[in-house]
Structure formats: C-alpha cells, structure tokens
Amino acid sequence: MNQYIELFKRGFSDYGGYLWREILWKNDPWYENWIYWLIALSLLVWGLEAWQPWRKGQSLFRRDFWLDGFYMFFNFFLFSLVGYNSLSMVGVNLFNDLLSSTFGIENLVALEISSWAPWAKLLTMFLLVDFISWWTHRLLHRVPFLWNFHKVHHSVKEMGFAAHLRYHWMENIVYKSIQYVPMAMIGFGIQDFFIVHMFAVTIGHLNHANLGWDYGPLKYLLNNPKMHIWHHAKDQGDHRYGVNFGISLSAWDYLFGTHYIPRDGRDIELGYAGDELMPDTFIGQNLAPFNRNLN
Ligand SMILES: [Zn+2]
Ligand SMILES: [Zn+2]
C-alpha cells in the first residue's frame, strides 16, 4: 500500500515541476511545449473564425467563451496537476501488479512497433487511438451513467473552437483507461506522440469552430465543422443514441453508417433534451452528473 501512496505523491510533485518548467519554456525539446502550442493553435483557429465566420451574427466572445476557455486549460493541464497524473501512475502500477500476480503476465507488449519507421509508428498510433476513441465516444452516448458525464460537452448552445475541450474530467479517465491496454500492447503511451496529439487538437478545434468548412472530398476522411455540428444537434431525427461520433476521422462514421448530415447545419439548435437542467457554472457542471435531480 505504501508504495502506491509514494507513487501518488511522486506523480503529483513530478507533474507540478514539469508544468512550471513548461510555463517558463524550459522543458526539452523546446518545440514540444504543450501550453504554448495549445495557445497558438487556439489563437489560429479563433483568427479563422474572425476572418470567415459561418454564423455571421455570432460574437467572437460567444456565449460560454470564457467558461469553455477555462475548461480547455483545466482538462489539458490542471486536471493532471490535481491528480490525474498521480492516479494514473498508481492505476497503471496496480494493473501491472495484478497482471503479474494473478495471471503471471509480465509484459503486455504483443506487437513491438518501436523499431518501425517514424511515419509508420505515428500513423499506427493515430489510427489506433482515433478508432478506440470513436468506440469510447459511442459508449459515452449509449450507457446512461456515462452519458450523464458526457452531457457537459453537449450542453454547449453556441459553437466555437473552445467548446472542443469543454467536457467533464471523468471523460479523461474513461478515454485513457480504455486506451491503456491496446496502447501497452504495442509498447507505447500516448505521451510519446506529441505531433499526433497536436494534430488531433487542431482537428478538434476546427470541428467546433464557427467555420462553414468540410474540406471538400476530404470530408469522408476528416471530421469537420459541418459534420460535427450535427453531433451537437438537439434534433437528430430517429437517432436516439447520437450520430457523427468521429474525433479526428469521419471515416469510421461512414464505414459504420453512423454519419448524419441531413442539411446545412449552420443555424440548428444545439444541445439535448433536458439541457435546461444543466447548471451554467464550472463547479455546477462538474457536480451535475452526481445529482439525481439534474439527470
Ligand atoms: Zn458526444
Ligand atoms: Zn463536440
């Protein structure tokens, strides 16, 4: 037990130090700085919204702009600082100890991809993470317990880039836990792939941006603003458990028949049945899934 408590504490202080060096731009390599990349990409997509707004009447400081901006930094950094890093270190160790003590499995690696060419590793990693995330996202819509957490993301009423990272911290845990075993099986953790993650952040920001883009024929491959807005539509016809679950790739939705773009979605109402019950503060939204009266 003590070893887990030690790990928990170490995860905490390690991440605190790491984050502080990140702010001071002192981590190596200098070009893999999460904070400044996130800020730069956000400013870029926000600039595109200002330049070519889809809904011309929507303010650049749309409804919940600051709330969603806070979610962005919270989910990217603060959540790790206040515990996820520690919890995941403990979780991974517990899991590995359990595997070796109960099943005698010392090594999960089934396919060692570390010797592959960099582009092949990156592509494998990207496709695998995106595919697992697509299924996880479906699960968030299908299981009522998980949907209560995912509602926070769907409570956005006016769409803009920052809505991308507006989601309950529990989603971090759900996504990462489900990804862990398949990632361990190819011998990698998601933190090894800065460029893959930044690509996903860019696509995710664009999906939520006030931009009338679908990238032409690439729309069958890449998720895009015109498609993702229907994921947030209050009225999705007969689709009770959601449509357009794509994270970075739209291809999974076309492959599995969950795509739905009945018409131009520029001015549709966003949300879900019952969204008026969602509190409008950060604290309120984070507590909402635990409150029976709100679900
Ligand atoms: Zn969703
Ligand atoms: Zn979304």
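When a residue number appears, it is its place in the shown sequence, counting from 1. Side chains are part of it too, since the values below use all heavy atoms of this structure and drop only hydrogens, waters and symmetry mates. Whatever order the structure lists ligands and atoms in, that order sets their numbers, starting from 1.
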Greater than 12 external heavy atoms within 6.0 Å of Arg21's CZ: yes
- request: Step through the shown structure and confirm whether more than 12 heavy atoms of other residues, nucleotides or ligands are within 6.0 Å of OH on Tyr220.
  value: no
field: Aromatic centroids of Tyr167 and His153 separated by under 6.0 Å
entry: no
- request: If you have a sec, read the angle at the Zn ion (ligand 1) from His150 atom NE2 over to His141 atom NE2, to 10 degrees.
  value: 100°
Minimum heavy-atom distance Pro225-Trp213, with the two atoms named: CD-O, 3.2 Å
- line: What one should report as the nearest heavy-atom pair of Tyr175 and Ser133 is CE2-O, 3.6 Å
task: Verify the neighbour count for atom CH2 of Trp147: are there more than 12 heavy atoms of other residues, nucleotides or ligands below 6.0 Å?
output: yes
- prompt: What is the number of protein N/O/S atoms located under 2.8 Å from the Zn ion (ligand 2)?
  reply: 4
